[in-house]
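None of the values given here were measured: they were computed from a predicted structure. Start at 1 and go down the list; that is how both ligands and their atoms are numbered.
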Amino acid sequence: MPPKIAAGNWKMNGTQSALDELDTLAGILPKDGVEVVICPPATLLVPAAARGSAIAIGAQDCHAAEKGAHTGDISAAMVADTGAAYVILGHSERRDAHGETDADVNAKMHAAWAAGLTAILCLGESEADRDAGRTLDVVGAQLAGSLPQGATPDNTVLAYEPIWAIGTGKVPTQEQIVDVHDFLRAQLVDRLGAQSGNAIALLYGGSVKGDNAATIFEAQNVNGALVGGASLKAADFAPIVSALAAS
Ligand code: PGA
């Protein structure tokens, strides 16, 4: 069985005072059987990890290279050095705003694994892809291109995030979520065999809120969520964690 994971992506939100939300969240948690991960901006990784609570910490990106002349970037080893255990890779906002290709993401996956991090690999189609009936082709190609050989349930989590559902309040139908998650599960089993393929956590992301989480988590191959806006406040995120624990 895959682990249940509730991951929050703070994106470019939060200065030091936002760590109070982390403390509030830690006070409400842990919820049995759920791994809770918060991915704050890079500036907050060290103080967030130093809180030493049951909440795991993750970065939102890392560079593929070990070190060197890459102004403004941080390496996977630097992320691990903060005390973080996870890194989000291939988020659609990075693929879009920073031109990251599947090959770029693939290289970052290698770097993350080499540093001992668990990568949360994001995949998802645009609205135009969905309207054209290309969703599974697009997501399948992203998976094939971004996920290197060597994925295990310990080093990899997948997050299906339809681009048109991110930050929009639009959520796919349950059937659309199930279709993609079942497809991803089958692809993983095909590539990695039943044991590993069935044990990698598949998260859904895109406008997950406290009031829709329970329904989303009913799907067999939805093992958690990657949450943006509703992860910023403990009061909004805690009900999502509770819904996952109850699923
Ligand atoms: P959202 O973002 O929950 O604000 O839609 C999700 C994400 O980008 O991971």
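- Proximity to Gly228 (heavy-atom distance under 4.0 Å) selects the following atoms of ligand 1: 1 (P), 2 (O), 3 (O), 4 (O), 6 (C).
- Glu127 CD: more than 12 foreign heavy atoms inside a 6.0 Å radius.
- The structure places CG of Asn106 at 9.5 Å from CG of Asp104, a figure rounded to the nearest 0.5 Å.
- Per-residue contacts place Glu161 under 4.0 angstrom from the following atoms of ligand 1 (heavy atoms of the residue considered): 6 (C), 7 (C), 8 (O), 9 (O).
- Short contacts between ligand 1 and Ile166, defined as distances under 4.0 Å to a heavy atom of the residue, involve ligand atoms 2 (O), 5 (O), 8 (O).
- Taking CG of Asp23 as the start and OG of Ser53 as the end, the distance is 7.5 Å to the nearest 0.5 Å.
- With hydrogens and angles disregarded, no donor-acceptor distance shorter than 3.5 Å links the side chain of Asn221 to the backbone of Phe183.
- Assignment of Lys209 to the shell around ligand 1 is not supported, since no heavy atom sits closer than 4.0 Å.
- Less than 4.0 angstrom separates some heavy atom of Ser207 from each of these atoms of ligand 1: 1 (P), 3 (O), 5 (O).
- Each of the atoms 5 (O) of ligand 1 lies under 4.0 Å from some heavy atom of Gly206.
- Proximity of Gly167 to ligand 1 is established by a heavy-atom distance of less than 4.0 Å.
- Taking a 4.0 Å cut-off on heavy atoms, Gly205 fails to register as neighbouring ligand 1.
- If you check the side chains of Gln60 and Tyr86, you find no donor sitting under 3.5 Å from an acceptor.
- Just one residue in the list His98, Glu100, Glu161 forms a side chain to side chain donor-acceptor pair (under 3.5 Å) with His91, and that residue is Glu161.
- Which parts of ligand 1 touch Gly229 is read off a 4.0 Å heavy-atom cut-off, strictly below it: atoms 1 (P), 3 (O), 4 (O).
- Side chain to side chain, Arg95 and Ser146 meet the donor-acceptor criterion of an N or O pair below 3.5 Å.
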